[in-house]
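This report refers to the structure that appears directly beneath it.
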Amino acid sequence: MSVPDKFLKPYNPNSVEDGLYKMWEDSGYFNPDNLPKISGEARVETWCTIMPPPNANGRLHAGHGTDLTLKDIMTRYHRMVGKKTLMLPGSDHAGFETQSVFEKKLQKEGRSRFGMSNNELYSEIYDFVMESKHIMEGDVRKLGTSCDWSRNTFTLDDHVVSGVKDTFKKMYDDGLVYRGKRSIHWNPKFKTSLSDIETKFEDRKDPFYYFQYGPFVIGTSRPETKFGDKYVVMHPDDKRYKDYKHGDTFECEWINGKITATIIKDEAGDPEMGSGVMTITPWHSQVDFDIAQRHNLDYEQIIDWDGKLMDIADEFAGKKIHMAREDIVKKLDDKGLLVKVDKDYEHAVRICERTGVVVEPQIKDQWFIKMEPLAKKVLSALDNGKVKILTSKHENMLRHWMNNTIDWNISRQIVWGIQIPAWFKNKGTKDEEVIISKNKPDGEGWEQDVDTFDTWFSSGQWPLMTLGYPDSKDMEYYPTTVMETGADLVFKWVPRMIMFGTYLTGKVPFKTVYFHGMVLDAKGKKMSKSKGNTLSPIELAEEFGTDATRMSFVVSNAPGADMPLSQDKVRAYKKFANKIWNITRFILTETDDIDINTKPTLTDTDVKLLSELQETADFIADHIERYRLDLAADKAYHYIWHELADNILEASKDILKVDDSEAKLSRQYTLYTILVTTLKMLHPFMPFITEEIWQSLPHKESDMLMVAQWPVVE
RNA sequence: GGGUGUUUAGCUCAGUUGGUUAGAGCGACUCGUUUACACCGAGUAGGCCGGGGGUUCGAAUCCCUCAACACCCACCA
């Protein structure tokens with residue numbers, strides 16, 4: 001036979017990738033139930049990874065590219081080794097994130113959610129998400145991801161919603177869930193509460209005011225919260241105030257007339273700070289709320305849910321807080337109570353991570369999860385080695401966080417999510433009744449809580465829900481083998497999965513956690529849309545080919561370390577793909593007359609070459625198993641280019657000139673074996689070109705490289 | 001303020017438990033169009049392995065210390 005014409009032209013990824021992916025998908029081999037036997041034996045040992053649900057509200061970015069590439073490399077390798085291999089795809093509704101993306105879209109269209117009913121809003125977001133979900137699944141395919149689409153799961157699928165509600169009920173019955181008034185982070189623009197990890201601090205420079213408050217001087221950057229302040233707090237050991245006793249009261253002139261203030265001695269008062277005396281606003285400050293709780297003090301709301309001052313502010317009522325601030329200061333100044341102003345005061349302000357809105361602490365009835373008993377389970381799983389985190393840096397971070405965690409607010413005041421299955425009767429009265437149930441309780445007057453779960457409440461149960469907990473046959477894949485994900489999820493997602501997994505099943509959800517770092521731009525800077533330095537994995541794949549793109553995501557991407565990415569890097573691997581193409585052309589041309597089933601007597605050199613070949617395959621296998629995919633990929637690259645092409649092929653030219661010689665027959669057999677073996681060991685990294693070549697081989701052991709056996713050179 | 005990491009060639013990074021002369025890619029330079037490949041080949045230059053101290057027969061590797069950078073957490077009345 002002669003060498004196919006396609007090898008006479010450079011490799012063109014775009015013309016073959018879609019067809020190859022369709023061939024794989026149509027074969028059914030992505031589904032482990034359909035995998036063929038390996039070396040005549042049924043596959044027994046399972047290997048499983050669950051895809052972190054990409055948020056169903058946009059295109060894939062470089063982080064997803066890394067994620068999918070690393071996971072798919074491992075998946076393809078273990079499939080070839082003979083494991084019952086499952087990579088399970090899915091997507092996340094991403095509650096608040098998606099709703100804020102959608103609301104921005106509404107805003108651009110000149111609309112707002114506040115004119116819509118909850119049902120209308122939900123259904124519009126649903127349509128929006130289904131559309132982007134479809135596009136994103138196309139992107140996942142484009143990257144060659146060999147996941148089992150028949151098990152594709154969405155966090156709002158009926159069985160997931162139902163399972164998540166069951167978990168909530170079980171936790172409630174076990175006393176791990178409680179409802180209570182707590183100081184929460186409130187986003188006044190989007191009108192929802194947020195958990196700690198959905199907020200971040202931003203450095204600001206604001207004026208800092210000192211006011212006379214009776215006999216004391218107090219300082220604040222937020223005069224607008226001070227209307228209701230009637231407690232002065234100082235450290236019990238502060239000698240300057242030893243004549244004042246806890247509980248003493250005094251009268252003083254304040255913003256809107258005379259008030260009665262009470263002295264509170266509490267260690268929260270920092271003697272080093274200003275005068276060492278402060279007033280507190282428990283409704284609008286977490287720290288103040290804690291002090292108020294300790295001493296059983298009153299608290300009163302000053303700022304409403306829209307961020308406007310309430311009636312207590314008299315003439316300022318109804319004003320937005322930042323509008324009223326200067327007027328309030330002026331009024332106090334006119335009364336002679338303004339002592340001084342520090343105009344260059346630098347402090348950190350808590351803002352909403354997603355929207356940048358300044359968070360207003362508020363007090364609200366919310367559902368909480370008691371974290372301590374669950375955190376203990378996570379820590380003991382780490383101590384016992386049930387879960388291994390590959391990077392000590394992240395393990396340390398995780399341990400520290402779990403040791404200091406606070407109760408988790410899981411209610412969100414948004415419609416886009418799973419509605420909390422709590423039913424109230426006579427809500428807000430002293431006869432209030434609560435029932436936790438998936439269905440409406442019998443009898444009149446029951447109304448369901450309108451709040452939805454924090455999105456991490458459902459994604460925390462992802463490995464369980466995707467595998468059909470509690471009783472699906474797929475639970476044989478639980479615990480899954482490895483969770484590979486971005487380091488930004490070290491608190492948000494990973495510990496929550498371990499918590500829910502150990503709580504519900506007594507077993508961890510995965511044995512190994514592999515955190516990859518961030519993809520940076522060529523200069524080592526964070527990629528961000530606003531800087532315009534992002535690289536889209538899809539665009540890279542279209543320009544340079546998916547295989548080249550995948551290689552650039554894995555090479556020099558050590559676990560836990562950030563990785564710079566540039567077009568030049570991808571271009572280099574495009575050249576590599578072409579190199580492989582030409583190696584194939586050479587070998588097929590030189591071996592098209594041989595009978596591969598008849599093994600010739602091999603020369604000593606060729607025996608050595610085959611043994612080095614096996615060593616290379618073993619090195620790659622070993623490093624994949626030890627999660628050093630970067631070194632495995634690099635090894636394949638170097639072997640192929642600098643050993644096979646530069647040395648073996650060059651040396652073969654002379655040998656092959658001598659027709660019918662034993663050396664030639666030996667070398668032909670060796671070259672063909674090297675080609676076949678090389679395709680196998682490169683396949684996990686560069687699935688498309690290797691499969692495309694495999695399909696053109698004159699002799700092959702299986703119809704598809706994807707399910708061929710990992711190299712054992714004989 | 002607390003913590004965790006990083007620092008190796010111009011750039012980006014490897015370097016496994018201490019063991020000959022510290023490696024690769026990209027970039028630079030020189031030569032080469034020899035039918036697998038110019039999306040190429042052959043070769044060259046370039047490093048007191050962040051500084052200082054210690055342990056050792058021997059240190060890029062282990063310990064101490066300093067510095068710079070990065071990230072995480074907490075807090076700022």
Side-chain angles (χ1 to χ4, degrees), chain A residues 3 7-11 196-197 200-201 203-204 208-211 213 217-223 225-226 229 232-234 268-270 272-281 285-288 291 345-350 391-401 403-406 487-488 490-491 517-518 520 522-526 544-545 548 551-552 555-558 560-566 568-569 571-590 619 622-623 626 628 630-631 634-635 637-638 641-642 644-646 649-650 652-653 671:
Chain A
V3 177
F7 290 108
L8 300 177
K9 289 177 288 183
Y11 174 58
D196 290 49
I197 54 174
K200 61 179 183 184
F201 286 94
D203 290 326
R204 298 262 176 108
F208 191 79
Y209 306 95
Y210 292 91
F211 298 113
Y213 187 87
V217 173
I218 58 144
T220 183
S221 60
R222 302 196 60 200
T225 65
K226 295 285 150 194
D229 286 15
V232 276
V233 179
M234 60 204 68
D270 181 358
E272 305 290 316
M273 187 95 176
S275 62
V277 176
M278 63 178 173
T279 63
I280 57 169
T281 315
S285 155
Q286 199 139 20
V287 176
D288 295 1
I291 297 170
Y345 177 66
E346 285 175 21
H347 64 148
V349 176
R350 198 187 276 269
T391 35
S392 59
K393 172 182 173 179
H394 298 111
E395 177 170 348
N396 291 334
M397 278 162 59
L398 187 60
R399 280 178 181 276
H400 185 259
W401 192 71
N403 275 318
N404 296 285
T405 185
I406 58 168
D488 52 329
V490 64
F491 303 129
M518 252 183 316
L520 308 173
K523 291 174 192 153
K525 298 269 184 267
K526 265 190 199 179
F544 302 106
M551 280 299 272
S552 62
V555 175
S556 82
N557 187 359
D562 294 345
M563 182 193 71
L565 182 67
S566 63
D568 283 345
K569 185 175 179 188
R571 194 175 288 116
Y573 291 108
K574 184 187 171 164
K575 291 183 184 179
F576 178 55
N578 200 54
K579 190 78 181 174
I580 298 161
W581 199 245
N582 284 296
I583 288 168
T584 305
R585 174 176 164 191
F586 178 86
I587 294 182
L588 290 185
T589 309
E590 296 296 339
F619 179 98
D622 185 46
H623 282 77
R626 284 163 39 200
R628 288 307 302 266
D630 55 325
L631 300 180
D634 204 46
K635 183 74 174 183
Y637 176 89
H638 280 102
W641 200 308
H642 299 301
L644 177 55
D646 290 351
L649 255 46
E650 290 303 326
S652 298
K653 288 177 184 173
L671 285 178

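Chain identifiers are assigned alphabetically (A, B, ...) following the order of the sequence lines, protein sequences preceding nucleic acid strands; residue numbering begins at 1 within each chain.
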Within the structure shown, what part of the strands sits under 4.0 Å from [X] by heavy-atom distance: base, sugar-phosphate, or nothing?
| X | answer |
| --- | --- |
| A:Ile587 | nothing |
| A:Val490 | nothing |
| A:His394 | nothing |
| A:Arg399 | nothing |

Which base sits across from [N] as a Watson-Crick or G-U pair, both distances under 3.5 Å?
| N | answer |
| --- | --- |
| B:C29 | B:G43 |
| B:A36 | none |
| B:U55 | none |
| B:C71 | B:G3 |

Rounded to the Å, how far apart are [X] [atom1] and [N] [atom2]?
| X | N | atom1 | atom2 | answer |
| --- | --- | --- | --- | --- |
| A:Phe491 | B:U4 | CZ | C1' | 10 Å |
| A:Asp568 | B:G27 | CG | P | 7 Å |
| A:Asp562 | B:A70 | CG | C1' | 8 Å |
| A:Tyr573 | B:A24 | OH | C1' | 9 Å |
| A:Asn404 | B:C73 | CG | P | 12 Å |
| A:Arg628 | B:A14 | CZ | C1' | 8 Å |
| A:His400 | B:G2 | NE2 | P | 12 Å |
| A:Met563 | B:C26 | CE | P | 17 Å |

Is any side-chain heavy atom of A:Tyr573 less than 4.5 Å from a side-chain heavy atom of A:Phe544?
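No, too far: nothing below the 4.5 Å cut-off.
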Determine the interatomic distance between [atom1] on [N] and the same-named atom on [M]; round to the nearest Å.
| N | M | atom1 | value |
| --- | --- | --- | --- |
| B:A22 | B:C49 | P | 11 Å |
| B:U21 | B:A59 | P | 11 Å |
| B:U30 | B:U35 | P | 24 Å |
| B:A74 | B:U12 | C1' | 34 Å |
| B:C11 | B:U7 | C1' | 15 Å |
| B:G52 | B:A68 | C1' | 15 Å |
| B:G19 | B:C26 | C1' | 32 Å |

Each nucleotide of nucleotides 34-40 of chain B classed B (base within 4.0 Å of a protein heavy atom), S (only sugar-phosphate) or -, in 5' to 3' order, makes --BB-BS
With sequence neighbours excluded, tell me which residues meet side chain to side chain donor-acceptor pair (under 3.5 Å) with A:Asp646.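 With neighbours one apart ignored, the set is A:His642.
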Determine the interplanar angle of the [X] and [Y] rings, folded into 0 to 90°, and report it as parallel if under 30°, tilted if 30 to 60°, perpendicular if over 60°.
| X | Y | answer |
| --- | --- | --- |
| A:His623 | A:Phe619 | parallel |
| A:Tyr209 | A:Phe211 | parallel |
| A:Trp581 | A:Tyr11 | tilted |

Looking at [X], does any N or O in its side chain come under 4.0 Å of the phosphate oxygens OP1/OP2 on [N]?
| X | N | value |
| --- | --- | --- |
| A:Arg350 | B:C75 | yes |
| A:Tyr345 | B:A77 | yes |
| A:His638 | B:G23 | no |

ask   = How close do A:Ser556 and A:Lys569 get, heavy atom to heavy atom, and via which atoms?
value =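 Shortest heavy-atom contact: OG-NZ, 3.4 Å.
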Identify the two heavy atoms, one from A:Tyr345 and one from A:Ser221, that lie closest to each other, and give their separation to 0.1 Å.
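Closest heavy-atom pair between A:Tyr345 and A:Ser221: CE2-CB, 4.3 Å.
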### Under 3.5 Å: donor-acceptor pair, side chain of A:Asn557, backbone of A:Asp630
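It does not hold such a pair.
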